[in-house]
Amino acid sequence: MSNFYERVYENVKKIPKGRVATYGTIAAMCGNPRASRSVGAALHRNPSPGVVPCHRVVFTNGTLAKNYAFGGSSAQKELLKSEGISFLRDGRVDIKKNVWLPWIS
DNA sequence: GGACTGACACTGG
DNA sequence: ACCAGTGCCAGTC
């Protein structure tokens with residue numbers, strides 16, 4: 001059951017389109033800002049395709065997960081670009097402009 | 001109940 | 001600005 005994981009999925013679902021959130025943020029929403037690791041594990045375990053936009057979850061530095069469960073960071077990057085997310089020349093997300101703050105939304 | 005693992009985050013060099 | 005090491009949490013074996 002893992003109530004914690006379900007909570008993570010719910011939080012990720014709340015991420016608005018065209019915006020990204022960091023693992024730390026999701027963990028904070030879940031109640032444990034330090035559980036960022038468990039958040040990533042949850043997404044990799046049960047991505048719930050079409051239900052949980054796991055592609056909107058990125059690192060605090062704007063980098064993408066190399067082991068993305070769907071098609072690698074490449075697919076994730078494309079998805080984000082489709083949502084209108086700005087990318088830097090380095091290939092990482094412009095976290096500075098696209099990061100979503102739940103308490104601000 | 002104990003130990004290992006993982007899509008992270010932070011600090012230091 | 002980049003790489004390496006350490007800490008945290010929850011889950012699974």
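Every chain is numbered from 1, with letters handed out A, B, ... down the list of sequences.
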Atom-pair distance ([atom1] on [X]; [atom2] on [N]), nearest Å:
| X | N | atom1 | atom2 | value |
| --- | --- | --- | --- | --- |
| A:N67 | B:dG6 | CG | P | 9 Å |
| A:F59 | B:dG6 | CZ | P | 14 Å |
| A:Y68 | B:dA7 | OH | C1' | 10 Å |
| A:L79 | B:dA7 | CG | C1' | 15 Å |

Expected output: side-chain [X] to main-chain [Y] donor-acceptor under 3.5 Å:
| X | Y | value |
| --- | --- | --- |
| A:Y9 | A:A42 | yes |
| A:Q76 | A:V57 | yes |
| A:R19 | A:W100 | no |
| A:N61 | A:T63 | yes |

Check: protein-nucleotides 6-13 of chain C nitrogen or oxygen pairs below 3.5 Å:
residue: C:dG7; atom: O6; partner: A:R37; partner atom: NH1; Å: 3.0
residue: C:dC9; atom: O2; partner: A:S38; partner atom: OG; Å: 2.7
residue: C:dA10; atom: OP1; partner: A:N32; partner atom: ND2; Å: 3.2
residue: C:dA10; atom: O4'; partner: A:S38; partner atom: OG; Å: 2.6
residue: C:dG11; atom: O4'; partner: A:Y5; partner atom: OH; Å: 3.3
residue: C:dT12; atom: OP1; partner: A:R45; partner atom: NE; Å: 3.1
residue: C:dT12; atom: OP1; partner: A:R45; partner atom: NH1; Å: 3.0
residue: C:dT12; atom: OP1; partner: A:R45; partner atom: NH2; Å: 3.0

Taking the side chain as every heavy atom from C-beta outward, state whether A:C54 and A:Y68 have any pair of such atoms under 4.5 Å apart. yes
Evaluate whether atom NZ of A:K97 has more than 12 neighbouring non-hydrogen atoms of other residues, nucleotides or ligands under 6.0 angstrom away. no
Take N1-N3 plus N6-O4 or O6-N4 for Watson-Crick, N1-O2 plus O6-N3 for G-U, both under 3.5 Å. Which runs of 3 or more such pairs involve DNA chain C? B:2-6 with C:9-13, B:8-13 with C:2-7
With a cutoff of under 4.5 Å between side-chain heavy atoms, which Ile, Leu, Val, Met, Phe, Trp and Tyr residues group with A:L80? A:V20, A:V58, A:L64, A:I85, A:F87, A:V93, A:I95, A:V99, A:L101, A:W103, A:I104
Taking only Lys NZ, Arg NE, NH1 and NH2, and the carboxylate oxygens of Asp or Glu, determine whether A:E10 and A:K13 approach each other closer than 4.0 Å. yes
Ignoring hydrogens and angles, are the base of B:dA7 and the side chain of A:Y23 linked by a donor-acceptor pair under 3.5 Å? yes
